[in-house]
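Heads up, the thing below is written out as structure tokens.
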Protein chains: 2
Amino acid sequence: MTPTPTPTTDRRRERHTAKLATIVAEAWALARRDGLAAISLRELADQVGLRQPSLYAYFDSKLALYDAMFADGNRQLIEVITALPERDDPREGLVELVEELTRFSSADTVRHQLLFQRTIPGFEPSPASYAVAQEFYAIGQKRLVSAGVSDPGDLDIFTALVSGLTHQQVANDPGGDRWVQQSRRVVEMYLAEIGRSTKAPSTVRKSPSRKAPK
Amino acid sequence: MTPTPTPTTDRRRERHTAKLATIVAEAWALARRDGLAAISLRELADQVGLRQPSLYAYFDSKLALYDAMFADGNRQLIEVITALPERDDPREGLVELVEELTRFSSADTVRHQLLFQRTIPGFEPSPASYAVAQEFYAIGQKRLVSAGVSDPGDLDIFTALVSGLTHQQVANDPGGDRWVQQSRRVVEMYLAEIGRSTKAPSTVRKSPSRKAPK
DNA sequence: GTCTATACATCGATAGAC
DNA sequence: GTCTATCGATGTATAGAC
């Protein structure tokens, strides 16, 4: 997903990358003000001291801009969770992880939208950007395993818990901490359930679904 | 949020309302095909045999169309959950409620987006439409109270669980039932936690009932 | 790389005739 | 209510000067 002509010399490449970062940062600012889907390329260009066609030296299209923002947001996410202090008790570490993720979403609604909701028609992360998202996912999964969670179903439940807390936080108390406060209890509730089921790992309860499983 | 000039005679009002319903239905179809934000008023008008400006006889703006869709989706939601069979055990009823809500979201991604995510820039439900959403919320809360949940914090956790299951279902397995299948276990996990925290722990079933819902 | 200039298709929205 | 005609703004894209 390289833009148009990638700069040749190191010096030029450096400036190119720097300018690209300011464009992405300004795009975030516009998205926060008007909404993610309402970013105007002409206004974005103005904000970074360029004319609209010049943006095409950095992005092939508007979707490519969203792609860069997607990767950028996921890098922020990785940065935040890797900065968390190590805990002897992996369960306590899990609590803090979930609290931090909920805070992260609460801090920036549109960032949460781009990263976790499919809100832009036609947008799909490029392989490179998707790899960043998977890196985050791998880190989270590793912490889960440390806390003794390995069953796929258990993992699905955990992702549901986290996405539920973050979504409610963003939707009903953006900038606040109403669901951040519930994170500890939710994680402890979850770990209690996991501990309950690991005694008999063979018998997996399944919901009487009306649809036949695939 | 009445459109432009509300029809005067009963006959005209009737046709107006009927046509309005077909417009909303066709808007859903377009949204399913191209995405919620990608609805084109010109194409919508074509689909219902009108020219684009004529749509303004039914909606003051595009946002007013979204508002009508929002109310419509919430009415569908109320219809679905009120159609659920009565259960002697309110806990079993809660399980089925959550399963049904997750199925509801899985069945229509864009409907879930409009109802539960803030994805359209500038859109905010009108008081009339918001009242429909609150009616749904009141029904859900009533069932929760029947199951012995009344604490506000407990309620916040429940909404997080439901929104998490539905969101994961929509985002990662649209049309499927991967998180629908986890609904029972999540609800039982939740009820166990509630029972643990209440001062007077009632009879908590240790093992879940295998009673099939239907 | 960035500019000016221009082009095209599409969009939501409005004015005014009927 | 529905139409035609039109508006301003948008995203997208290209050509060519510097």
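Here the structure is a predicted model, which is why all the values come from computation and not from measurement. Just the heavy atoms: all of them, side chains too, but no hydrogens, waters or symmetry mates, feed the values below.
- Between B:His16 and B:Tyr58, the ring planes lie parallel to each other; the angle is under 30°, not in the 30° to 60° tilted range.
- Here A:Tyr58 reaches the OP1 or OP2 of C:dT2: one of its side-chain N or O atoms lies under 4.0 Å away.
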Exercise for review: Treat primed atoms plus P, OP1 and OP2 as sugar-phosphate and everything else as base, then score nucleotides 4-13 of chain C 5' to 3': B for base contact with protein heavy atoms under 4.0 Å, S for sugar-phosphate contact only, - for none.
Suggested key: BB-B---BBB

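- A:Thr159 and B:Gln168 are linked by a side-chain donor-acceptor pair at a separation below 3.5 angstrom, with hydrogens and angles left out of the test.
- Inter-axis angle, ends of the helix from C:dG1-D:dC18 to C:dC18-D:dG1, five pairs per end, rounded to 10 degrees: 0°.
- Atom NZ of A:Lys19 and atom P of C:dG1 are 12 Å apart (whole Å).
- If you take CZ on B:Phe70 and CG on B:Leu114, they are separated by 7.0 Å, rounding to the nearest 0.5 Å.
- Taking 4.5 Å as the limit, some side-chain heavy atom of B:Leu115 sits within range of a side-chain heavy atom of B:Phe104.
- Note on A:Gly49: only backbone sugar-phosphate atoms sit closer than 4.0 angstrom, heavy atoms only; bases stay farther off.
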Check your understanding: Between A:Val170 and A:Trp179, does a side chain to side chain contact (heavy atoms under 4.5 Å, CB included) hold up when you go through it step by step?
Key -> CA-CA 9 Å; A:Val170 160; A:Trp179 277 268; over 6 Å; no

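- Look at CZ on B:Arg15: it is 8 Å from P on D:dG1, rounded to the nearest Å.
- Residues A:Arg185 and A:Met189 fail the side-chain proximity criterion, which asks for heavy atoms closer than 4.5 Å.
- Taking atom CG of residue B:Asp46 and atom P of nucleotide D:dT2, one finds them 14 Å apart after rounding to whole Å.
- No side-chain heavy atom of B:Asp154 sits under 4.5 Å from any side-chain heavy atom of B:Glu193.
- Using a 4.0 Å cut-off between charged side-chain N and carboxylate O, A:Arg91 and A:Glu96 make no salt bridge.
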